Amino acid sequence: GIPIRTTLDNSTTVQYAGLLHQLTMKARNTVRDIDPQNDLTFLRIRSKKHEIMVAPDKEYLLIVIQNPCE
Amino acid sequence: KSCQTGTISTAEAAVQSQTSRDASVQTDQSKDAVQDFQQEVQVDYTSLLSFLQRVEDAVIKELNKNWRSRAFDGFEVNWTDQNETVLCLHTLSYPEAQDQNLQVTSVSWNATGSVVACSYGRLDAGNWSTEKSYVCTWNLDRRGLNPQRPDLVVDVPSSVMSLAFHPSQPSLIAGGLFSGELVVWDTSRTEDPVIWRTGMTDDTHTDPVYQVNWLPDAKHRNHCRLLSVSTDGKILVWREERDGRLALAEGFAVVAQQMPRSTQLKKFAWGEAAVGVTSLSFSHFDPRVFVVGAESGHSLKCSTAAETLALHWTGSSVPLRAPADFAFSPHGGPVYSVSCSPFHRQVLNLFLSCGTDGQVHLHSMLQPHPLLSLQLSKKYLFCVRWSPVRPLVFAAASGEGNCYKCFCSTGEVHLFDFERSSQKPALSIQQAADERPVYCLEFNVRQTRLLAAGDATGTVKVWQLSSDFTEQGPREMNHLEQLASEITD
């Protein structure tokens, strides 16, 4: 994915964009393989340090990284 | 019954390309390859706007749900095998050195994290020592590792007091000697491993070298310079010369009269004397800033960019400068070790210092009084090191010391975890069976579970730490910053 707007530094942005684009495609394919009538609407990845949220679309991808309070 | 395939019809044709053309493609190295994206992308802003409007609600709903959610509280996933205990993986020693009652004065891990080296000498030798000593290395990843037989033993004519492996070349190791000299060995050479030495010149230290460090050289990228610290008060930087000699490139001298005064510290009584320096640690965030520990009990914040000349630096080929710009409040005895935190990002640089008063002080570089003063034991603390993976953990080595009238000398490695308790160690490991002191310890930066500690019986023990000392918790950095700031208030 080509980053259009970002609030992070450039190298991190490019890294997130590339990796998450691939992961989103994989997730979407997984959902459609299980049920072809279904489609991916939202992807959330929770890690030890934060949560990554991806809102997918035909042309764009919105990635939000949140530090949830514990 | 038999079956037979019918005849298969075949035909032959030949193909030959009549014309051909060559074209080559090459991507140009774009200087700011990453910057380019902001300009080149043709964005259809209206469709982008409608996309954002579509997803905005969903994303905000998820964000709100998240910070209110308690779903994952206390939920932790273990990806690696958790081991709960601290094990002693290896007990390494060199029997010949042990027979001569030599102690382990320093340990160091090499750049790849698979070789540990130790130096044998005596820390309680008094003022003069002509004993020869050894530098031994063991490759822990080798099969057939014999803990009593080091892979390499180097005979050294004088006691080695400190060791440091080169940060990127796995076979180079530097040592500081009791005589004040520095020697660099190349462990891959079979005949004579010595490649550089300072020799005894006018520039050499006049007291034992208690610490050596490799400094990345800003000008020549592949070369490192060596830095040595000694109780003669001098901090010297050496560069390699072609004939195997180490020549003085620059230097600093700490003189009592030039110690930075702080209104809360008492005046110094000893005038022009040099202040012995026992240890040094560079800040991980500003390569010109370093902290030294002195025999007077003070820790000093110094800078390589200092300009004032030191008083009475005679006899040196390069002018020595006074490096200190800030003094921290002293320990009750000489400081033996300082260590700067590799994690603390902001200006409030944290470092630890320990000494013979059995206390570890956690300092911020901004104020003279320690943030925390921990009485770890009643014995001397010889070495303190921050963990390279967990911002809240550090290890300290303790040993001798008189407590009240009895002489109890339990050598222990204390592991401290601010997450669990800010008053007492999370774990105290007794290293030697007969309670001899532990003099030095080093974390392995590559294999982050390993900690090597050397003691007075001449043994190096490699400890494997349990997972709670090596896995960073989710909010550890925040906790560290909180710890630093709540104490300064």
Side-chain angles (χ1 to χ4, degrees), chain A, chain B residues 30-80 343 389-391 419 467-468 470-479 481-482:
Chain A
I2 305 169
I4 302 174
R5 285 278 181 278
T6 179
T7 59
L8 300 171
D9 61 278
N10 286 334
S11 49
T12 315
T13 304
V14 169
Q15 195 178 28
Y16 268 105
L19 293 171
L20 284 171
H21 180 70
Q22 290 177 34
L23 186 62
T24 311
M25 288 298 111
K26 183 87 181 171
R28 182 168 184 244
N29 288 338
T30 307
V31 170
R32 287 165 63 94
D33 279 351
I34 294 174
D35 180 350
Q37 307 301 319
N38 205 351
D39 207 342
L40 180 70
T41 53
F42 202 83
L43 183 63
R44 281 165 64 168
I45 304 170
R46 192 169 185 109
S47 70
K48 268 208 270 197
K49 298 186 186 174
H50 37 240
E51 177 144 344
I52 305 170
M53 278 166 277
V54 181
D57 185 77
K58 191 174 71 172
E59 293 154 37
Y60 306 100
L61 214 60
L62 176 67
I63 302 169
V64 181
I65 302 153
Q66 181 188 28
N67 222 332
C69 303
E70 306 243 353
Chain B
S30 154
K31 220 166 17 137
D32 273 345
V34 180
Q35 291 283 19
D36 289 341
F37 72 76
Q38 291 276 8
Q39 289 89 37
E40 284 176 9
V41 159
Q42 317 292 357
V43 180
D44 178 2
Y45 284 102
T46 41
S47 74
L48 179 63
L49 179 63
S50 58
F51 161 68
L52 285 175
Q53 284 171 334
R54 275 199 303 271
V55 293
E56 177 185 359
D57 286 339
V59 174
I60 292 186
K61 196 166 68 137
E62 295 298 326
L63 285 171
N64 283 333
K65 267 204 295 191
N66 251 346
W67 69 264
R68 268 180 275 182
S69 159
R70 310 199 63 82
F72 287 99
D73 281 357
F75 176 67
E76 269 175 37
V77 174
N78 296 328
W79 283 99
T80 53
F343 284 99
V389 280
R390 281 205 52 201
E419 185 127 47
S467 345
D468 43 352
T470 50
E471 284 177 6
Q472 216 185 76
R475 310 211 5 112
E476 220 171 301
M477 275 306 306
N478 298 10
H479 194 152
E481 282 163 29
Q482 209 176 19

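In what follows, chains carry the letters A, B, and so on, assigned in the order in which the sequence lines appear, proteins first and then strands, with residues in each chain numbered from 1. Since the structure is predicted, the reported quantities are computational estimates derived from the model, not experimental observations.
With contacts defined as side-chain heavy-atom distances shorter than 4.5 Å, the pair Leu23(A)/Val54(A) does not qualify. Annotation: side chain of Glu62(B) is not in contact with side chain of Val64(A) (no heavy-atom distance under 4.5 Å).
Proximity to chain B (any heavy atom under 4.5 Å) is shown, for Tyr60(A), by both the backbone and the side chain. With a 4.5 Å cut-off on non-hydrogen atoms, Leu61(A) touches chain B through its backbone but not through its side chain. Of the atoms belonging to Val55(B), it is side-chain heavy atoms, and not backbone ones, that fall under 4.5 Å from chain A. Within the 4.5 angstrom heavy-atom criterion, only side-chain atoms of Leu52(B), from C-beta onward, approach chain A.
Taking each heavy atom of Leu40(A) and Val31(A) in turn, the nearest pair found is N-CG1, 4.2 Å. Shown here for Lys65(B) and Arg44(A), the closest heavy-atom pair between the two residues is CE-NH1, 4.3 Å.
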